[in-house]
Amino acid sequence: MSTLDAALFRATAIAPETAEFNDRLRELVKSTPANEASSRLPVPPTEPSERARTLDIAGKGGHELTLRVIAPDRPQGVYLHFHGGGFVSGSAEQSDRAFERIAQNTGLACIDVNYRLAPAHPYPAAWDDAEAAAIWVIENARTAFGTYALAIGGVSAGATLAAAVLVRLRERLGCTVFQAANLVFGDFDLSMTPSQTLLGADAVPVTTDNIRACTDAVAPRTGLRRDPDLSPMFADLRDLPPALFTVGTLDPFLDDTLFMHSRWVAAGNQAELAVYPGGTHGFTAFPIPLADQANDRIDAFLQGVGRGSASSGAEASRSPVTDDS
């Protein structure tokens, strides 16, 4: 196992186009009223895919849960994904653009979940919905998609849910059938890692204040924030699938990814760590070359699912990948 290269975290490692984009992002956020900032982020607009279809399934306690699906004609596997939004915003529809790319490049049927959001529905509502969606996929993948090759993942809050669901499935059902976990800048410790307060103090587009507001909404009982089910950083992580962890060096959740990757490996699992110089929270959705690099790596990792293994492959560009275990 190689060690992290300290040079990746220096300002000189940030590509000029990434630094320029980050400067524009800071100016945009600074000049925009707080209640309008999220709607003015420089990300491609959410455009519903004509290929998307929805499925309604029964969630825990009879709650109806909507799944959004984009699939190729003959799926090679199924990728269950959870959208981001700090547990308080977002919807499955916002994944359509990424799903079009993933379905084309990997052959996987892609599913996102309209899980319940805080503050109206605090923990464990989203966790229960994510678990219900995972159980549905396990039970229906073969009949609905003609395959039983399964991957799971998510971005930001969605990555948190994906990791928590894997632990729940193992502990509650003895189930370890997912073959890969794609975990992109997750919030794995809701009690807050150091980078959430240190990097987050001046971060864009997500600051420490933003993180605290989201955490207060989804987990108002502060004494429970290190519960292993709520914060998977503290869970028993044995017998989990190979994972790809993705994060940027300017992301407040940098420590969450670094720490979780180490814990994943220490539990005896395979894991890959991709750290991107200058990447802010959510950078994979921005129109910059750094996002293209990260998304190419993610697609290469997910391609292994349909082939029966999860690996980035020798053909994938390994820069700026920093660690494979």
Side-chain angles (χ1 to χ4, degrees), residues 1-4 79-82 84 87 115 123-124 126-135 137-138 149-196 215 218-219 224-247 251-275 297-298 301-302 304-305 309-312 321-325:
M1 181 176 69
S2 60
T3 58
L4 279 170
Y79 174 48
L80 174 62
H81 172 95
F82 304 105
F87 307 106
Y115 55 85
Y123 169 84
W127 282 250
D128 290 346
D129 290 349
E131 180 186 5
I135 291 172
V137 167
I138 292 167
L150 306 180
I152 194 170
V155 298
S156 193
T160 311
L161 295 176
V165 162
L166 286 170
V167 176
R168 280 190 174 199
L169 292 174
R170 187 205 64 218
E171 291 195 346
R172 300 180 180 188
L173 301 174
C175 178
T176 56
V177 297
F178 282 94
Q179 297 168 229
N182 174 44
L183 305 175
V184 184
F185 35 72
D187 176 8
F188 300 118
D189 177 3
L190 275 75
S191 69
M192 302 189 73
T193 54
S195 63
Q196 290 186 38
T215 303
V218 74
L224 292 180
R225 290 180 184 174
R226 290 195 174 189
D227 184 292
D229 187 55
L230 179 65
S231 294
M233 180 82 73
F234 300 96
D236 178 353
L237 301 178
R238 61 186 168 80
D239 298 328
L240 298 185
L244 172 62
F245 290 90
T246 298
V247 74
D251 192 322
F253 298 106
L254 173 65
D255 284 349
D256 294 67
T257 288
L258 298 181
F259 298 171
M260 194 65 165
H261 167 263
S262 295
R263 290 220 56 238
W264 208 272
V265 173
N269 309 304
Q270 295 181 14
E272 303 175 24
L273 175 63
V275 178
R297 176 67 186 273
I298 288 168
F301 175 77
L302 291 173
V305 175
S309 64
S311 172
S312 60
V321 174
T322 61
D323 194 16
D324 297 325
S325 301

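Residues: numbered from 1 along the sequence shown.
Residue A134 comes nearest to L169 through the heavy atom pair CB-CD1, 4.1 Å, listed as atom of the first residue, atom of the second, then distance. When all heavy atoms of L190 and A219 are compared, the pair lying nearest together is CD2-CB, 4.3 Å. In plain terms, the two heavy atoms of R225 and L230 that are nearest each other are CA-CD2, 3.5 Å. For A130 against L161, the heavy-atom pair with the smallest separation is CB-CB, 4.2 Å. Across A163 and F188, no two heavy atoms sit closer than the pair CB-CE2, 4.1 Å. Nearest heavy-atom pair, A271 versus V265, reported as atom, atom and distance to 0.1 Å: CB-CG2, 3.8 Å.
Distance check, rounded to the nearest 0.5 Å: CE of M260 to CZ of F234 gives 10.0 Å. From L80, atom CG reaches atom CD1 of I152 across 5.0 Å, with rounding to the nearest 0.5 Å. With rounding to the nearest 0.5 Å, the separation of CG in D255 from CE in M233 is 8.0 Å. For the atom pair OG1 of T246 and CZ of F185, the computed distance is 8.0 Å after rounding to the nearest 0.5 Å. Note that CG of D251 is 8.5 Å distant from CG of D256, once rounded to the nearest 0.5 Å.
Between the side chain of S195 and the backbone N or O of P252 there is at least one donor-acceptor pair closer than 3.5 Å. Put simply, the side chain of R263 gets close to the backbone of A235: a donor and an acceptor are under 3.5 Å apart.
One finds a salt bridge joining R168 and D128 here, because a Lys/Arg side-chain nitrogen approaches an Asp/Glu carboxylate oxygen to under 4.0 Å.
Two residues are said to be in side-chain contact when any heavy atoms from C-beta on lie closer than 4.5 Å; F253 and T193 fail this criterion. Two residues are said to be in side-chain contact when any heavy atoms from C-beta on lie closer than 4.5 Å; L4 and V275 meet this criterion. Under the 4.5 Å side-chain criterion, counting only non-hydrogen atoms from C-beta, L240 is in contact with V167. Counting heavy atoms from C-beta on, the side chains of L183 and T160 never come closer than 4.5 Å. Taking 4.5 Å as the limit, some side-chain heavy atom of P241 sits within range of a side-chain heavy atom of L166. Contact of the L302 side chain with the N182 side chain is registered, since non-hydrogen atoms from C-beta on lie closer than 4.5 Å.
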Side chain to side chain contact (heavy atoms under 4.5 Å, CB included) between T257 and L273, worked out:
CA-CA 8 Å; T257 288; L273 175 63; 3.7 Å; yes
Take S191 and R226, measure what side chain to side chain donor-acceptor pair (under 3.5 Å) needs, and give me the verdict at the end.
CA-CA 6 Å; S191 69; R226 290 195 174 189; 3.0 Å; yes
Pair C175-I138, side chain to side chain contact (heavy atoms under 4.5 Å, CB included): steps then yes or no
CA-CA 9 Å; C175 178; I138 292 167; 3.6 Å; yes
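Side chains of T176 and R170: a donor-acceptor N/O pair is absent below 3.5 angstrom, by distance only.
Shown are W127, Y115, Y123; of these, the ring-ring contact (aromatic ring centres under 6.0 Å, His included) with F87 is made only by W127.
Legend: salt bridge (Lys or Arg N to Asp or Glu O under 4.0 Å) pairs involving residues 171-194, not counting sequence neighbours, sorted by first then second residue: E131-R172.
If you look at F259 and W264, their ring centroids are not closer than 6.0 Å.
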